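Below is one structure; the comments refer to it alone.
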Amino acid sequence: MKTVAFSDVYVDENSEWKLLAGLLDSKHTNVLHRLNEHMFTEERVSVYLAMRDTFTKYGVLDLRGLKLHLQGEVPGELLAQQVSNITTVYDDCIRLAVKREAKAKADELYELAKQFSPNDGDLMRTLTFNPIGAREDSSLTQGAVQFLGNLHAKVAKHYRFASTGMPWLDARMAGEWKPKSFVVIAAGPGAGKTSLVANSMLNMALQKDNQGNPDPTGSLFFSLEMPTTDLYTKWVADLLSIDSRKISTAKLSAEEVSSIEDTVVMLQQLPMYVIDNGKITLHEMIKEIREHVAQHNVRVVFVDYIQIVNHSPSGSKNSDLGEVSTLLKAIAKELDITVVVLSQMNRNGQGLDAIRDSGEIAQVADVVIMLTPEDTSSEVRSVEVDFLKNRYSLIGKTAVLFNGPYQRFTGSDR
């Protein structure tokens with residue numbers, strides 16, 4: 001009968017090297033602090049420890065820093081690996097490490113069982129398993145690296161703010177649509193909440209850096225009710241200062257039509273993306289968000305509007321909207337983006353209770369903004385913007401102007 005070696009059952013050198021190689025990809029450094037030395041064997045232990053120390057000291061994991069911590073050459077086995085799915089490799093290494101730990105503990109218990117009266121301390125130690133990896137990174141290192149990186153980038157004027165495109169809104173949002181945040185904009189019909197989002201998308205896409213070079217911020221808009229053509233009307237009216245009603249009724253001069261055609265061509269080249277599908281499910285939305293962030297570097301996602309998102313597993317409107325909010329906030333944190341949802345209002349609600357159908361939406365939100373027009377009969381009207389909740393700056397009210405014909409929000413001083 002052939003004897004199976006310990007290493008054949010409990011050790012997979014190739015998987016260990018693949019897992020370590022995967023950490024060299026900057027997208028996977030968050031995995032680093034979910035690992036520990038018990039997941040590796042032989043020389044892979046020292047390589048893992050060197051990688052951990054390199055990242056902790058320098059905030060990045062590269063071959064130069066790794067070579068310094070190894071005090072020698074980087075193993076060729078590490079450089080030769082290609083990793084397509086680090087999660088699968090991680091799970092394989094976890095499974096084998098648990099087997100090794102169980103086998104070692106079984107051997108210790110076997111030896112203790114031979115004793116007439118085993119020591120209680122030895123028994124307790126043997127029954128205590130070493131931690132083998134974690135599903136989440138609970139260390140402070142990743143956050144510290146990001147915090148200091150953002151701080152130094154801001155000091156050096158290299159930080160990429162995801163500016164809202166509107167100075168009056170930036171002033172209340174600490175300068176930008178904050179990454180990892182969930183923002184709610186609530187308003188009644190005709191208050192201009194969709195126009196506000198359209199303004200932000202366009203202004204972000206047209207932003208320039210300090211040298212005057214194009215420096216756009218990409219955005220994705222889920223239009224669950226309004227057709228994309230209506231968004232074009234808002235963008236064209238804003239850019240060309242043509243009355244949106246003239247565009248809708250086509251009461252235009254030949255010169256205006258020509259300008260609109262040129263503008264539509266230009267708009268298609270901007271990093272603005274629209275999914276016009278009222279039936280799209282929440283999980284399909286999350287899939288699209290992931291793909292647009294990965295493929296188009298989208299940094300802000302807008303949803304119009306949250307009460308009609310297709311998601312009703314429980315049949316309870318309040319509970320289902322709470323889950324929609326929770327999952328959208330989770331994807332914002334995971335992908336380091338901002339998710340902004342538009343919301344309808346209850347007629348009789350006050351403050352945060354005015355958000356229609358679910359108080360859980362406001363509880364989950366980092367920022368809640370309410371828009372209230374002062375005179376809906378006026379074409380250019382003042383709109384009260386009330387920051388009911390704001391984790392990043394002051395709460396309270398400010399006033400802005402909404403130019404209805406041009407579908408444009410401006411600060412009240414303009």
Side-chain angles (χ1 to χ4, degrees), residues 162 164-166 169 172-173 177-178 181-204 219-228 230-231 233-235 238 272-280 282 285-286 288-289 298-311 317 320-329 331-332 337-347 349 351-373 376 383-390 400 402 404 407-409:
T164 68
M166 291 171 279
L169 187 54
R172 286 296 187 98
M173 295 288 293
W177 292 120
K178 298 293 288 185
S181 65
F182 179 69
V183 179
V184 178
I185 300 176
K193 54 184 181 293
T194 307
S195 295
L196 176 63
V197 165
N199 286 179
S200 183
M201 292 181 70
L202 182 59
N203 292 340
M204 288 192 295
S219 60
L220 169 64
F221 184 90
F222 286 97
S223 186
L224 306 181
E225 186 178 50
M226 177 181 292
T228 308
D230 286 1
L231 285 171
T233 298
K234 295 178 183 297
W235 289 327
D238 184 9
M272 302 189 299
Y273 307 92
V274 178
I275 295 179
D276 176 2
N277 179 5
K279 296 182 179 180
I280 189 171
L282 174 63
M285 289 173 63
I286 291 174
E288 292 292 344
I289 292 172
V298 160
R299 298 183 64 191
V300 185
V301 174
F302 300 97
V303 179
D304 184 15
Y305 54 93
I306 191 169
Q307 280 83 5
I308 57 174
V309 171
N310 185 3
H311 185 72
K317 193 70 173 178
D320 292 337
L321 283 173
E323 185 170 332
V324 170
S325 303
T326 300
L327 291 176
L328 289 177
K329 181 169 182 175
I331 198 66
I337 61 173
T338 312
V339 174
V340 182
V341 300
L342 305 187
S343 173
Q344 291 185 330
M345 292 171 54
N346 292 318
R347 290 184 178 180
L352 295 176
D353 293 333
I355 295 178
R356 184 173 172 181
D357 294 325
S358 178
E360 293 188 42
I361 298 174
Q363 290 178 6
V364 171
D366 298 293
V367 179
V368 177
I369 304 170
M370 184 176 294
L371 307 180
T372 306
T376 56
V383 177
E384 181 183 85
V385 183
D386 192 357
F387 288 78
L388 298 172
K389 181 179 181 180
N390 192 353
V400 297
F402 177 58
Q407 297 293 296
R408 181 190 301 151
F409 276 87

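Just so you know, residue 1 is the first one in the sequence shown, and it goes up from there. All values derive from a computational prediction rather than experimental measurement.
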Ser181 versus Ala332, closest heavy-atom pair with distance: O-CB, 3.6 Å
Could you work out, with side-chain hydrogen bond (donor to acceptor under 3.5 Å, both in side chains) as the rule, every residue matching Ser200, not counting sequence neighbours? Trp177
Candidate pair Phe222 and Ile289, rule side chain to side chain contact (heavy atoms under 4.5 Å, CB included), full reasoning: CA-CA 10 Å; Phe222 286 97; Ile289 292 172; 3.7 Å; yes
Whether the side chain of Thr338 engages the backbone of Lys178 through a donor-acceptor N/O pair (distance < 3.5 Å, no angle test) should be reported. yes
Could you work out, with side-chain hydrogen bond (donor to acceptor under 3.5 Å, both in side chains) as the rule, every residue matching Asn390, not counting sequence neighbours? none
Rounded distance [0.5 Å steps], CG in Leu342 versus CD in Glu225: 10.5 Å
In Å and rounded to the nearest 0.5 Å, what is the CZ to OG1 distance from Phe409 to Thr164? 12.5 Å
Minimal heavy-atom distance between Ser325 and Ile361, with the atoms involved, is OG-CG1, 3.4 Å
Minimum heavy-atom separation for Ile337 and Val298, please, with both atom names. CG2-O, 3.7 Å
Set of side chain to side chain contact (heavy atoms under 4.5 Å, CB included) partners for Asn277, sequence neighbours left out: Ile275, Lys279, Ile280
Donor-acceptor pair, side chain of Gln344 and main chain of Gln307, under 3.5 angstrom: no
Under the side chain to side chain contact (heavy atoms under 4.5 Å, CB included) criterion, do Val341 and Ile185 qualify, and how do the steps go? CA-CA 6 Å; Val341 300; Ile185 300 176; over 6 Å; no
Distance from Met272 atom CE to Leu202 atom CG, nearest 0.5 Å? 5.5 Å
Positive for side-chain contact (heavy atoms from CB on, under 4.5 Å) with Leu224, one of Asp276, Ile306, Val303, Asp304: Val303
For Ser195, side-chain hydrogen bond (donor to acceptor under 3.5 Å, both in side chains) partners two or more places apart: Lys234, Gln407
Between CG of Leu231 and CE of Met201, what distance do you get to the nearest 0.5 Å? 7.0 Å
When you measure from the side chain of Lys389 to the backbone of Ala362, do you find a donor-acceptor pair of N or O atoms at a distance under 3.5 Å? yes
Inter-residue atom distance Leu196.CG - Lys193.NZ, 0.5 Å rounding: 10.5 Å
Closest heavy-atom pair and its distance - Gly165, Met204: N-CG, 4.5 Å
Suppose we screen for side chain to side chain contact (heavy atoms under 4.5 Å, CB included). Which residues come up paired with Thr233, at least two apart in sequence or across chains? Ser244, Ile247, Ser248
Looking at OG of Ser343 and CG of Leu371, how far apart are the two atoms once the value is rounded to the nearest 0.5 Å? 11.0 Å
Can you sort out the partners of Lys329 under side chain to side chain contact (heavy atoms under 4.5 Å, CB included), two or more places apart, ordered by chain and number? Phe182, Val364, Asp366, Arg391
